[in-house]
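Report on the following structure.
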Amino acid sequence: MKLNMFIDGSWQAGSTNQTRQIVNPANGEIIAEAAEGTTRDVEYAISVARKTFESGIWSEKTAEERAEVLLKIAQKIDEKQEELAKLETLDNGKTLREASYDMSDAANCFRYYAGLIRAPHGETYHVPDNMQAMVVREPIGVCGLIVPWNYPLLMSVWKLAPALAAGNTVVYKPSEVTPVTPVKLFEIFEEVGLPHGVANLVLGEGKVVGHTIVESHDVDMVSFTGGTETGRHIMRTAAGNMKKVSLELGGKSPNIIFADSDFETAVDYALFGIFSGAGQVCSAGSRILVEESIQEAFISRFVERTKKIKVGPGLNPESEMGPLVSEEHMKKVLRYIEIGKEEGAELACGGYRILDEGYDKGYFVAPTVFIHTTPDMRIVQEEIFGPVVVFQTFKDEREAIKLANDTKYGLAGGVFTQDAAKAMRVIKKVRAGITWVNTYHGTYNEAPWHGYKQSGIGSSLGTYGLDEFLEIKQINFNLQVEPIGWFKN
Ligand code: NAD
């Protein structure tokens with residue numbers, strides 16, 4: 001498979017014809033050759049996006065006209081769901097079941113923003129009688145969109161759908177590790193007749209392609225999802241022309257289990273919270289905080305079930321957890337496991353690369369559980385982004401909240417208890433933007449996805465996700481047109 005860039009409505013191999021090999025993480029086989037973008041390619045894409053924005057070919061369409069295009073995109077994603085899900089599994093490694101959910105979420109996200117852009121928005125204000133004050137929303141202009149590899153299509157759609165609904169033009173960069181479904185999405189854009197130059201796809205490395213987007217004075221906004229360190233760099237780089245920055249970053253989210261929770265439900269969701277997506281999920285419940293009185297029973301049941309998780313290639317319907325996305329990322333996760341051991345945490349299960357026959361060319365890591373941790377350990381503080389969970393214990397509500405908030409992150413958090421008042425007391429104190437009570441991970445296009453602290457700035461999804469891609473303008477309309485007479489002569 002050859003993957004090219006899509007700029008100004010045409011497929012291009014890039015200015016140097018260089019390519020990057022794209023690997024199936026389940027077996028190390030090369031599945032595609034992707035064009036490698038250069039600074040020149042990005043600058044060209046930005047100039048096209050700028051010219052197209054100013055032409056008004058998209059920004060001046062009615063909301064209904066834009067919505068119709070978005071609905072066609074959703075329809076095409078649905079029609080190609082099976083093919084797209086399979087490609088996502090081949091490229092990212094996630095199980096086919098997980099990939100299929102992503103595809104239907106992606107189609108629904110386009111549908112949601114197709115509807116939302118036609119809903120009333122803007123406000124009027126009560127001001128003195130001779131004036132009418134109002135607020136209208138307008139597209140920002142050229143938006144740079146940069147996404148990670150863990151949900152190659154879905155994270156892209158969380159940005160592309162609202163950015164396009166709002167009337168912007170975009171320069172978009174998927175992760176260099178997982179460009180396959182993003183390219184397929186741009187084939188859909190072409191099929192449904194999105195005007196040329198509205199959405200431009202540039203492939204390649206973050207330091208080159210991503211950096212050029214962020215640095216450009218011709219880009220009006222950058223919406224980024226990825227690691228916190230990259231986010232920090234983006235914030236600094238974007239300062240050049242004071243472009244708006246929206247950042248969805250990493251997490252180290254607490255999942256708090258009280259003794260009065262429904263035991264089997266809590267175990268089940270705690271497993272789902274950390275091991276779905278092989279732990280490569282920003283909101284993963286990677287710290288399980290369990291009340292001391294049930295710690296033994298809870299950890300023992302959790303470990304028993306962890307050992308039974310079927311790890312295997314995502315395309316195998318029996319597999320419940322796939323490989324990690326790349327060899328480089330697997331090495332990072334394995335290194336963290338070593339750090340945990342060196343720090344004195346106890347390995348309750350897992351902790352190794354799976355090298356059985358049929359697995360040895362893939363990047364499979366056994367689901368790993370660390371117990372007897374202390375809050376200062378790196379494995380407790382830092383995002384590992386793999387199938388590795390750390391247990392912490394607490395005596396009471398106060399201590400649970402203190403531990404829950406004791407990292408630099410604030411993305412997500414869960415609480416399990418059958419005491420509704422306690423659940424509400426605790427969840428209100430958790431400093432995180434996405435929280436769950438007696439459940440984990442479920443989220444909807446309608447509700448905002450938002451990080452506190454070093455987990456981000458701004459929001460995805462919901463009405464907030466659309467507002468990220470709109471400017472607000474106040475208009476003060478004089479209803480009594482006569483001179484003001486401020487100066488006498
Ligand atoms: P990453 O930060 O390494 O890369 C993300 C994207 O940024 C990639 O496209 C990459 O090429 C690009 N990039 C890298 N360096 C850049 C630079 N200097 N300038 C501009 N762009 C650059 O992250 P990753 O490893 O791809 O993804 C994993 C991270 O993403 C985790 O930390 C995870 O928590 C986070 N994430 C967050 C959310 C959320 O909604 N908060 C969702 C998914 C993933």
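Numbering of ligands and ligand atoms starts at 1, following listing order.
The closest heavy-atom contact to atom 22 (C) of ligand 1, among the options Ala412, Gly206, Gly231, comes from Gly206. The nearest non-hydrogen atom to atom 1 (P) of ligand 1, considering only Thr230, Val147, Val214, comes from Thr230. Atom 34 (O) of ligand 1 has its nearest heavy-atom neighbour, among Glu383, Glu229, His233, in Glu383. One option in Val209, Ile213, Asn150 has a heavy atom closer to atom 43 (C) of ligand 1 than any other, and that option is Asn150.
Using a 4.0 angstrom heavy-atom cutoff, Phe224 counts as in contact with ligand 1. Heavy atoms of Gly456 come nearer than 4.0 angstrom to ligand 1 in no pair at all. At a 4.0 Å cut-off, at least one heavy atom of Pro174 sits close enough to ligand 1 to count as contact.
Remark: aromatic rings of Phe416 and Trp436 are distant, center separation not under 6.0 Å. The distance between the ring centers of Phe391 and Phe302 falls below 6.0 angstrom. Note: Tyr440 and Phe272 fail the aromatic proximity criterion, with ring centroids not under 6.0 Å apart. Checked against the 6.0 Å centroid threshold, His450 and Tyr464 do not count as a close aromatic pair.
Counting only N and O atoms by type, the side chains of Ser10 and Gln12 include a donor and acceptor under 3.5 Å apart.
Atom numbering of ligand 1 starts at 1 in the shown order; those under 4.0 Å from a heavy atom of His211 are 19 (N), 20 (C).
Partners of Ser216 under the side chain to side chain donor-acceptor pair (under 3.5 Å) rule, at least two apart in sequence or in another chain, do not exist in this structure.
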